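Remarks on the structure that follows.
For ligands, and for the atoms within them, numbers begin at 1 and follow the listed sequence. Quick caveat, the model's predicted, so the values are computed rather than measured.
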Amino acid sequence: MSESVLYDVAVVGGGPAGLTAAIFAARRGANVILIDRKIDPGQKLLLSGGGRCNILPSVSDPDAYVTDSSPFTLRNILRSWPLEDVRFFLEVEAKIKVQADPASGKLHVIGGGKVARSSLLDLAERTGVKIKRNFQVVRLNGSNPFFLTCPEKRTIRATRVILACGGLSYPQTGSDGSGLELLRSRDIQIVPPYPALTSLIGARSTHRILSGITMTVTVTAKSETDEASCRDGFLFTHRGYSGPAILNTSHVVARARQRREQAQVFVAWTDHTEDEWRAMLTEGKRSVRGVLLREMPDRVADQLLSEISLDEGRVATLEKDRREQLVRLLTRYPLPITRNDGFSSAEVTGGGVHLSEIEPKTMQTKKVPNLYICGEMLDAFGPIGGTNFLWAFVTGNRAGEAAGMKSG
Ligand SMILES: Cc1cc2nc3c(=O)[nH]c(=O)nc-3n(C[C@H](O)[C@H](O)[C@H](O)COP(=O)(O)OP(=O)(O)OC[C@H]3O[C@@H](n4cnc5c(N)ncnc54)[C@H](O)[C@@H]3O)c2cc1C
């Protein structure tokens with residue numbers, strides 16, 4: 001059964017990208033319907049930032065994003081709606097109060113993700129967007145107009161369509177990759193999706209006893225084709241390793257697995273260089289363990305020493321070979337990882353619609369006129385810290401403005 005209404009714009013997906021797109025299209029005078037398969041769309045806003053919803057970063061840094069597409073295109077898109085303007089939209093227009101974290105400057109929502117989600121949904125409704133919940137779009141046919149088929153056998157007709165279905169991560173929130181499936185017959189290049197910002201699963205059972213320990217370290221992940229490095233928090237978990245430094249480099253492991261390459265992950269447990277460690281482990285009367293304990297938790301120090309069967313001993317009597325082994329473990333410790341934690345716990349999806357498929361100013365696909373794509377469906381993601389919501393808002397704004405404009 002087909003609805004008699006022909007909408008100007010149908011937005012598929014009610015996450016931050018889709019809500020922003022719908023609001024801006026409606027402001028341009030378009031008759032807009034937003035369709036979401038969930039009864040309560042925008043669930044990722046609720047989960048984000050551990051409930052505190054880190055809605056924006058302190059600065060917009062296009063170089064921090066990962067894409068297989070052109071970094072120039074990515075940069076142009078991000079710059080097209082500056083961070084200050086996004087913040088104005090959220091704070092003044094959507095009435096989402098934010099506060100900067102004193103240490104990082106990252107912006108968190110006062111009241112958390114619940115407030116962010118309800119404020120965006122309210123603004124969409126106030127702007128005249130019709131929100132259809134519990135409707136999953138399973139097919140996208142035609143082009144002039146588009147026919148959006150839902151399993152309920154209802155077909156929605158629209159002149160323009162904005163896809164904002166998210167990626168494949170945390171599928172229980174509604175984003176399960178079905179948006180990319182809608183493009184299957186449209187000859188649009190898709191970079192194979194992979195989980196990003198995930199924990200890593202460990203292979204060595206001895207590290208389980210370190211579970212719960214947090215440190216600030218530098219993690220470097222390397223494969224034949226990729227390399228990423230991050231100095232930030234690190235957490236031993238009962239299954240492996242987590243914390244921002246691991247999350248921000250985990251995509252190297254995921255991409256290597258996809259390409260059947262090997263990936264290695266190294267940890268520098270402190271800021272000290274090899275030479276600095278060598279000096280500290282050469283002179284003085286202290287015990288080797290005593291030197292390590294000044295720099296790291298005792299259980300981690302004991303773990304490193306046990307790996308080279310060294311628990312007692314003074315620095316002065318440390319043999320050169322042993323010293324070199326220890327310096328390597330301190331500055332380039334190979335983490336025994338087996339894999340990343342997969343889409344079920346990845347904060348974002350890497351890959352997606354190749355950016356060369358869209359007009360960067362409007363998010364309109366080059367091959368299918370009047371079809372727009374925004375948010376995490378696109379081939380780009382940023383590190384933790386508000387960068388992914390920023391991408392969703394910017395691309396949603398571009399798509400909404402452009403799709404709505406045609407109605408004026
Ligand atoms: C645990 C967690 C914490 C996070 N924390 C942060 C953070 O603090 N800061 C940050 O910047 N980012 C964070 N992110 C990432 C951020 O949530 C996403 O990048 C962002 O939500 C993507 O926005 P989107 O609108 O593109 O897609 P989504 O938010 O995934 O929304 C997509 C919507 O589309 C709907 N949908 C999908 N397919 C269909 C279909 N076929 N028919 C109808 N509806 C459909 C879904 O139900 C969903 O509501 C976090 C993610 C997770 C999982």
Any N or O on [X] sitting closer than 3.5 Å to an N or O of ligand 1?
{"X": "E376", "answer": "yes"}
{"X": "Y170", "answer": "no"}
{"X": "V137", "answer": "yes"}
{"X": "Q43", "answer": "no"}
{"X": "D176", "answer": "no"}
{"X": "D36", "answer": "yes"}
{"X": "A17", "answer": "yes"}

Give the atom numbers and elements of ligand 1 that come within less than 4.0 Å of a heavy atom of [X].
{"X": "G174", "answer": "36 (N), 37 (C), 38 (N), 46 (C), 47 (O)"}
{"X": "G375", "answer": "26 (O)"}
{"X": "T387", "answer": "11 (O)"}

Check side-chain contact (heavy atoms from CB on, under 4.5 Å) between S344 and all other residues, then give those that pass, not counting sequence neighbours.
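Testing S344 for side-chain contact (heavy atoms from CB on, under 4.5 Å), a comparison that skips the adjacent residues, returns none.
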Please classify the T173 to ligand 1 contact at 4.0 Å (heavy-atom distances, strictly less than): side chain, backbone, both or neither.
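It is the backbone that touches ligand 1; the side chain stays farther off.
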Ligand 1 contact on W391 by region, counting heavy-atom pairs under 4.0 Å
neither
Enter the distance from T338:OG1 to R257:CZ here, rounded to the nearest 0.5 Å.
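Result: 8.0 Å between the selected atoms.
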Are the side chain of R323 and the backbone N or O of L281 linked by a donor-acceptor pair below 3.5 Å?
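The answer is yes, because a donor-acceptor pair under 3.5 Å joins these two groups.
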Keeping the roles fixed (side chain from K222, backbone from S229), state whether a donor-acceptor pair exists under 3.5 Å.
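No; zero donor-acceptor contacts below 3.5 Å.
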Polar contact flag, side-chain donor to acceptor under 3.5 angstrom, N340-S250
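Checked: N340/S250 side chains show no N/O donor-acceptor pair below 3.5 Å.
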May I ask you to check whether R259 and T225 show a side-chain donor-acceptor distance below 3.5 Å?
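Side-chain D/A pair, R259 to T225: present.
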Out of G382, S178, G386, whose heavy atom sits nearest atom 40 (C) of ligand 1?
S178
Atom 6 (C) of ligand 1 sits nearest the protein heavy atom S48 CB, 3.5 Å
